[in-house]
Amino acid sequence: METSIVDIVIGMQYGDEGKGKIANQLVSTGNYDYVVRFNGGGNAGHTIYLNGEKIVTHLVPCGILHGIPSVIGNGCVINTQKLFDELEYLKGFGFDVSILKIAENAHIITQDHIDEDSKDTKIGTTRTGNGPCYRDKYARTGLRAKNVPELEPYLIDMHSLIHSSPKKFLAEGAQGYWLDIDFGDYPYVTSSNTGVGAVLNNGFNYKQVRNVVGVIKCYSTYVGAKGYQKDDARFQQLREIGQEYGATTGRPRQIDWLDLDEVITACQMNGIDRLIVNKMDVLNKVQNGWNWYQDGKLYSVDDEGTFSLCLMSKIIQNIPDINIEFQGQLH
Ligand code: IMP
Ligand code: MG
């Protein structure tokens, strides 16, 4: 191996697809030297079940749960106080958090960012200061991690980390492709790019990208201010069975059936090699739950097997070399 490689896990819907679970599975294989977060900040919520324990992280990459050095990349925005609180929380489980690294050119969320974001009613943000922080980054008035003395022990330079010697990286995405600042339903989006391109903006070059894993749920959820959920009692049932409440804000997620057109577009735009369809066990518990949209029409089938086959054949028609895998909620 002459150069570093990076495998990437990204969401193909509106976040909360179960990326945390998949990243955790991949990291458990012991095949990676580093895990990197490449976008977003404390707006993300990654729920991981490890040895029967539920662990929720917002900023710290899942490598820390496996003793693998982990990096908050320059594409992320950091609330320093929240980061230290999360490190304390993880120390409480016995994890070694000293192996965390932070890109010196990542941006810092200030109290002013949080205060401003807390007044939001238009987008339904997570009120974590994300949008105002990215705005100041692009206005060239922001504060970088290297200007914060408490972060000094963690700081690294992405170029030397990635390019000084060959290593295997897993890049763990936050949010989902349809919350992307460019391709999502603007303005109901987050303030970062959430797709595969964002990984390259953290110092990887395009030749280093090896495998791109897309993650979806077998139904859709969205959290935010726009009206998304339709009037159907089955969605209420789905929310309870699937525990569809925001990991960061506790807000109920709005629910709809799977939108296959969205999924296919996201897979094409991100060059997905392997697509994981999560929460099949949840949909199985909902009466007449096997539904999806395609070409603006609603399709319904009777059972899980037919649903999986239909999804596979429709996706493969558009992306012939994709690998599709179905999973349950916890494993
Ligand atoms: P912000 O990222 O806090 O600015 O929020 C913008 C939009 O993205 C809102 O609709 C949030 O609910 C949504 N959002 C941000 N992060 C996540 C996430 O990790 N999961 C799901 N939705 C998210
Ligand atoms: Mg989440």
Side-chain angles (χ1 to χ4, degrees), residues 1-10 19-42 44-48 50-51 53 55-80 82-108 144-146 148-174 196 198-205 208-213:
M1 193 170 66
E2 297 156 354
T3 180
S4 292
I5 60 99
V6 59
D7 289 340
I8 303 169
V9 178
I10 40 182
K19 293 177 296 294
K21 184 190 77 164
I22 302 304
N24 197 57
Q25 283 174 7
L26 288 168
V27 170
S28 312
T29 61
N31 287 334
Y32 297 98
D33 304 312
Y34 280 88
V35 178
V36 188
R37 274 277 314 267
F38 58 88
N39 76 297
H46 291 178
T47 306
I48 293 161
L50 196 68
N51 308 322
E53 219 145 12
I55 302 169
V56 180
T57 61
H58 300 285
L59 197 54
V60 173
C62 71
I64 294 293
L65 314 186
H66 298 268
I68 297 174
S70 296
V71 184
I72 298 175
N74 59 274
C76 299
V77 289
I78 302 168
N79 174 333
T80 312
K82 279 243 185 93
L83 172 67
F84 286 128
D85 290 349
E86 191 165 310
L87 293 178
E88 283 305 312
Y89 165 77
L90 291 170
K91 268 195 223 165
F93 287 98
F95 299 117
D96 175 11
V97 299
S98 70
I99 54 178
L100 178 74
K101 308 209 176 301
I102 299 173
E104 59 185 15
N105 49 346
H107 273 252
I108 299 298
R144 285 173 149 186
K146 68 175 165 200
V148 179
E150 302 95 291
L151 296 179
E152 162 69 36
Y154 300 97
L155 297 182
I156 45 131
D157 158 67
M158 294 303 276
H159 169 257
S160 56
L161 174 76
I162 298 169
H163 300 277
S164 64
S165 63
K167 302 176 191 82
K168 291 183 192 152
F169 290 88
L170 180 71
E172 186 188 9
V196 82
V199 178
L200 306 186
N201 282 332
N202 280 254
F204 293 93
N205 71 48
Q208 294 175 318
V209 176
R210 188 173 66 174
N211 257 287
V212 187
V213 181

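Since the structure is predicted, the reported quantities are computational estimates derived from the model, not experimental observations.
If you take CD on E150 and CG on L83, they are separated by 10.5 Å, rounding to the nearest 0.5 Å. The distance from atom CD1 of I102 to atom OG of S70, rounded to the nearest 0.5 Å, is 11.5 Å. The structure places NZ of K167 at 8.0 Å from CG of D33, a figure rounded to the nearest 0.5 Å. Between the CD1 atom of I48 and the NZ atom of K21 there is a distance of 12.0 Å, given to the nearest 0.5 Å. Between atom CG of residue D157 and atom NZ of residue K101 there is a gap of 12.5 Å, rounded to the nearest 0.5 Å. Taking CD1 of I8 as the reference point, atom CZ of F169 lies at 12.0 Å (rounded to 0.5 Å).
Taking the side chain as every heavy atom from C-beta outward, V36 and M158 approach each other to under 4.5 Å. Proximity of L65 to V27: side-chain heavy atoms (C-beta onward) are nowhere separated by under 4.5 Å. No side-chain heavy atom of V199 sits less than 4.5 Å from a side-chain heavy atom of V212. Side-chain contact between L50 and N24: present, with at least one pair of heavy atoms (C-beta onward) separated by less than 4.5 Å. Here the side chains of I68 and C62 are not in contact, with every heavy-atom distance at 4.5 Å or above.
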Given I10 and F38, is the side-chain contact (heavy atoms from CB on, under 4.5 Å) satisfied, shown in steps?
CA-CA 11 Å; I10 40 182; F38 58 88; 3.7 Å; yes
When you look at Y154 and L87, which way does the side-chain contact (heavy atoms from CB on, under 4.5 Å) test go after all the steps?
CA-CA 12 Å; Y154 300 97; L87 293 178; 3.8 Å; yes
After noting the C-alpha distance and the side-chain angles of I55 and L90, does the key distance pass the side-chain contact (heavy atoms from CB on, under 4.5 Å) rule?
CA-CA 8 Å; I55 302 169; L90 291 170; 4.0 Å; yes
Pair I78-I72, side-chain contact (heavy atoms from CB on, under 4.5 Å): steps then yes or no
CA-CA 9 Å; I78 302 168; I72 298 175; 3.8 Å; yes
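The side-chain contact (heavy atoms from CB on, under 4.5 Å) test with N202 is passed by exactly one of N105, I162, N74: N74. When each of E172, K19, R37 is checked for a side-chain hydrogen bond (donor to acceptor under 3.5 Å, both in side chains) with H46, only E172 meets the rule.
In this view, K146 satisfies the salt bridge (charged side-chain N to carboxylate O under 4.0 Å, His left out) rule with no residue, not counting sequence neighbours. With sequence neighbours excluded, no residue satisfies ring pair (Phe, Tyr, Trp, His ring centres under 6.0 Å) with Y32. Every residue was checked against the ring pair (Phe, Tyr, Trp, His ring centres under 6.0 Å) condition with F84, not counting sequence neighbours, and none meets it. Under the rule for a ring pair (Phe, Tyr, Trp, His ring centres under 6.0 Å), the partners of H163 that lie at least two apart in sequence or sit in another chain are H159. For the side-chain hydrogen bond (donor to acceptor under 3.5 Å, both in side chains) test, no residue two or more places apart in sequence or in another chain qualifies with S28. Residues satisfying the salt bridge (charged side-chain N to carboxylate O under 4.0 Å, His left out) test with E53, not counting sequence neighbours, are none.
Taking every heavy atom of both residues into account, V60 and T57 meet most closely at O-OG1, 3.7 Å. Closest heavy-atom contact between A171 and V6: CB-CG2, 3.7 Å.
Side chains of Q208 and T3: a donor on one and an acceptor on the other come within 3.5 Å.
Side-chain N or O atoms of D7 include none that pairs as donor or acceptor with a backbone N or O of L170 at under 3.5 Å. Side-chain atoms of E86 come within 3.5 Å of backbone atoms of L59 as a donor-acceptor pair (strictly under, hydrogens ignored). No donor-acceptor distance shorter than 3.5 angstrom exists from the side chain of H107 to the backbone of R144, with no hydrogens or angles considered. Using modelled atom types, one side-chain atom of N39 and one backbone atom of A174 make a donor-acceptor pair closer than 3.5 Å.
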